[in-house]
Every structure is written in C-alpha cells, then in structure tokens.
Student: 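Next up is a structure, given as structure tokens.
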Amino acid sequence: MATQQSKAAARVMIAPAVFVLLVWMLVPLCMTLYFSFADYRPLRGVFDAWIGFRNYESFVTSSSFLSAVGTTLWMVAGILLITIVGGILLALLLDQPMFGQGIVRILVIAPFFIMPTVSALVWKNMFFNVDNGLFSYLYKFLGLQPYDFLSQSSLFSIIVIVAWQWLPFATLILLTAVQSLSSEQLEAAEMDGAPALSRFWYIILPHLSRAITVVILIQTIFLLSIFAEIFVTTNGAFGTRTLTYLVYQRVLESQNIGLGSAGGIIAVILANIVAIFLMRIVGKNLDK
C-alpha cells in the first residue's frame with residue numbers, strides 16, 4: 001500500500017510534466033479566446049482590443065456556417081460507418097489462421113502511419129485523377145466515360161480517403177476485442193446448430209460493443225478537425241467545406257485573426273459537446 005510520503009513524491013515527480021502540458025494547452029487556448037473578442041487584422045495594421053461578440057455573431061450568422069456544420073457531421077458519420085463495418089470484417093478475417101498472418105496484419109496497419117497530406121496526394125493523383133488515375137483506366141477498359149470523383153462525388157471521395165487511413169486503427173482495436181472472446185461460447189453455439197450469422201449477431205457483436213464505442217469516441221474527436229485531406233484535394237469546393245476549413249477560409253479571406261479565433265472557439269465548443277455526449281454513451285456501455 002502506498003504511503004503518504006510515496007504519494008507526495010509521485011506528485012512532485014509528475015508536477016513538471018503536468019505543468020508543461022497545461023501551459024502547452026492553456027496558453028494557445030487563452031490567446032485564441034482573447035483574440036476572439038478583438039478586431040485584429042495585422043496586415044492592415046488594425047487592432048481593437050475589445051469589440052464584444054461581433055466576431056462570434058459574424059461567424060455564426062454567415063451563410064456558410066450551417067452548411068459547414070452539416071458537412072462536418074455527414075463526413076464524420078460516413079467515415080465512422082466505413083471504419084466500423086470494415087474494421088469488424090477485417091478483424092474477423094485477421095483472426096482466422098492463414099499463411100503469412102503477421103505480414104498481412106502489418107500491411108493492414110500500414111495506412112495508419114501515412115501522413116494525411118501524403119495519403120490525400122496519393123489518392124488524388126493515383127486513383128481519382130480523371131486523366132491518369134487507376135479508376136479512369138478501369139472505366140476506359142470497360143468502355144465507360146471516366147468519372148471525375150473529386151468534382152462529381154467530392155464528399156464521398158474525401159470520406160473514402162480518410163476512412164482508408166483510419167480503418168487500421170479500428171481494425172486493431174476490434175481485433176483485440178475479437179481475440180479476447182472465449183472460443184468456448186462459439187464452439188458451444190456451433191455444436192447447438194447456430195448458423196454463422198446468428199453466432200455473429202448474438203455473441204460476437206455484443207462482445208464488440210465496448211470496443212466499438214471506444215473507436216467511435218476516439219475517431220470522432222480527431223475527425224472533427226479534418227483539414228489536410230480537404231486542402232489537398234478540393235480546397236473546400238464542391239460541398240466539402242467543413243467547420244475547421246471554414247475557419248481557415250475566413251482567416252485567409254478577411255485576414256482577420258479575431259474572426260478566425262471566434263470560429264476556432266465555436267469549433268472547440270461544438271467538439272466538446274459531441275465529446276461529452278459520446279463519453280456518456282461510452283460510460284453507460286462500459287458500466288454494463
């Protein structure tokens with residue numbers, strides 16, 4: 001049992017790391033909050049330290065705000081759907097004995113270690129390019145007119161790009177959960193004559209529920225801030241402008257740091273609302 005002296009020593013040892021972490025997080029947040037109430041346009045030499053909530057009002061009442069929020073939610077939902085369904089299928093497949101199982105698992109995990117910018121460039125030029133992309137060559141081989149994914153199905157294209165990169169993460173978490181499932185339950189159900197679909201629906205899927213909720217929570221927090229893939233592929237055009245990208249565009253167009261800071265604070269608030277909602281769901285699931 002830890003003594004009072006050991007607890008005090010542990011607090012002293014972790015204090016520097018906690019202090020650095022708090023400074024690293026709180027200083028940028030406080031500066032953003034401060035600038036969100038100011039009219040700060042450095043390229044024009046304008047700085048008014050206090051203009052109230054005008055930046056927030058301007059950002060929220062813009063015609064692009066609600067559409068950006070809707071695009072963000074649709075994008076996150078689409079990516080989660082692909083990664084959860086694909087992750088379950090890949091986890092079940094990788095759990096089966098096969099030749100070269102270790103190499104296959106490494107190849108499945110590999111996309112997660114590729115930088116988002118590089119991933120977007122590869123998909124944009126190698127697969128979705130309307131002139132020289134692999135999909136265009138496939139369309140031509142089948143006698144069809146090449147399809148411009150990035151302009152005609154831009155939102156779906158970005159969802160595919162991001163889902164491809166996050167699929168290994170979901171697969172790893174779900175594979176760990178699958179491997180923790182008692183084989184005796186599945187063997188007993190199989191001996192009782194339960195078909196494979198019933199075994200999956202009534203045994204495997206309930207066992208994966210906790211892992212699925214954790215995957216949804218972690219991915220959602222990161223997916224709400226998608227930027228690089230949009231910047232590289234569509235530049236926010238064709239209905240792919242998310243809330244994060246809208247903040248970037250507002251700062252770039254108006255050169256107004258205050259307006260962009262207000263948009264950043266709004267994005268943080270919305271992200272925290274989503275995170276709290278998901279945490280409640282995860283907490284209820286883990287208590288079962």
Side-chain angles (χ1 to χ4, degrees), residues 73-116 119-120 122-123 126-127 134-135 138 153 155-224 226 229 274-275 277-288:
L73 296 178
W74 275 111
M75 191 174 292
V76 172
I79 295 168
L80 288 176
L81 178 63
I82 294 175
T83 53
I84 294 299
V85 175
I88 292 174
L89 295 177
L90 282 175
L92 295 175
L93 178 63
L94 294 176
D95 188 51
Q96 304 300 317
M98 66 178 72
F99 177 75
Q101 190 177 50
I103 297 176
V104 173
R105 289 182 178 179
I106 292 174
L107 292 175
V108 170
I109 297 170
F112 189 65
F113 299 100
I114 299 176
M115 294 179 62
S119 173
V122 169
W123 277 90
M126 184 177 292
F127 294 102
L134 293 179
F135 291 146
L138 178 61
S153 300
L155 184 59
F156 173 76
S157 300
I158 294 177
I159 288 174
V160 169
I161 294 172
V162 181
W164 175 78
Q165 191 170 20
W166 278 94
L167 183 59
F169 173 80
T171 302
L172 275 176
I173 302 297
L174 295 170
L175 177 60
T176 304
V178 168
Q179 291 177 334
S180 68
L181 177 62
S182 174
S183 59
E184 296 178 358
Q185 298 183 36
L186 294 174
E187 292 173 359
E190 187 175 0
M191 291 177 63
D192 289 339
L197 186 59
S198 296
R199 295 198 300 270
F200 169 77
W201 187 259
Y202 293 105
I203 298 177
I204 298 177
L205 193 58
H207 181 77
L208 294 178
S209 60
R210 292 188 177 186
I212 291 173
T213 53
V214 171
V215 170
I216 292 175
L217 173 62
I218 296 175
Q219 286 194 173
T220 300
I221 293 173
F222 283 94
L223 294 176
L224 287 171
I226 295 174
E229 294 85 349
V274 174
F277 175 73
L278 291 175
M279 284 294 291
R280 291 176 64 88
I281 296 177
V282 171
K284 291 179 180 179
N285 202 325
L286 295 179
D287 289 339
K288 292 181 180 179

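Only this structure's heavy atoms are used, side chains among them; waters, hydrogens and symmetry mates stay out.
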Student: Which residue pairs pass the side chain to side chain donor-acceptor pair (under 3.5 Å) test with at least one member in residues 85-96, sequence neighbours excluded?
Tutor: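 Listed by first then second residue: nothing to list.
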Student: Quick one: are T171 and I109 in side-chain contact, heavy atoms under 4.5 Å?
Tutor: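 Heavy-atom side-chain distance check fails, nothing below 4.5 Å.
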Student: Which value, rounded to the nearest 0.5 Å, describes the distance between I158 atom CD1 and L155 atom CG?
Tutor: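 I158 CD1 to L155 CG: 6.5 Å, rounded to 0.5 Å.
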Student: For the CD1 atom of I173 and the CG atom of L208, what is their distance to the nearest 0.5 Å?
Tutor: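 Rounded to the nearest 0.5 Å, the CD1-CG separation comes to 12.0 Å.
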Student: Please enumerate all residues that pass ring-ring contact (aromatic ring centres under 6.0 Å, His included) together with F156, with sequence neighbours excluded.
Tutor: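 F156 satisfies ring-ring contact (aromatic ring centres under 6.0 Å, His included) with no residue once adjacent residues are dropped.
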Student: If you look at every heavy atom in A91 and L175, which pair is closest and at what distance?
Tutor: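 So the minimum-distance heavy-atom pair works out to O-CD1, 3.4 Å.
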Student: What do the steps show when you test L92 against F200 for side-chain contact (heavy atoms from CB on, under 4.5 Å), and what is the final call?
Tutor: CA-CA 10 Å; L92 295 175; F200 169 77; 3.8 Å; yes
Student: Is the side chain of S209 donor-acceptor paired with the backbone N or O of L205 at a distance under 3.5 Å, no angle test?
Tutor: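 Absent.
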Student: Donor-acceptor pairs under 3.5 angstrom involving side-chain atoms of residues 74-89: please list them, not counting sequence neighbours.
Tutor:
| residue | atom | partner | partner atom | Å |
| --- | --- | --- | --- | --- |
| T83 | OG1 | I79 | O | 2.8 |
| T83 | OG1 | L80 | O | 3.1 |
| T83 | OG1 | Q219 | NE2 | 3.0 |

Student: Shortest non-hydrogen contact from A120 to E229?
Tutor: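 Taking A120 first and E229 second, the nearest heavy atoms are CB-CA, 3.9 Å.
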Student: Determine whether L181 and I203 make a side-chain contact, defined as any pair of heavy atoms from C-beta on separated by less than 4.5 Å.
Tutor: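 Result yes, sub-4.5 Å side-chain heavy-atom pair found.
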Student: Return the CD1 to CG distance between I204 and L174, rounded to the nearest 0.5 Å.
Tutor: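 Between atom CD1 of I204 and atom CG of L174 there are 12.0 Å.
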Student: Once side chain to side chain donor-acceptor pair (under 3.5 Å) is applied, do any residues pair with S198, and if so which ones, sequence neighbours excluded?
Tutor: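 Per chain and number, S198 pairs via side chain to side chain donor-acceptor pair (under 3.5 Å) with no residue.
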Student: Could you go through residues 160-169 and list every donor-acceptor pair under 3.5 Å that involves a side-chain atom there, pairing it with any protein atom two or more places apart or in another chain?
Tutor:
| residue | atom | partner | partner atom | Å |
| --- | --- | --- | --- | --- |
| Q165 | NE2 | I114 | O | 2.1 |

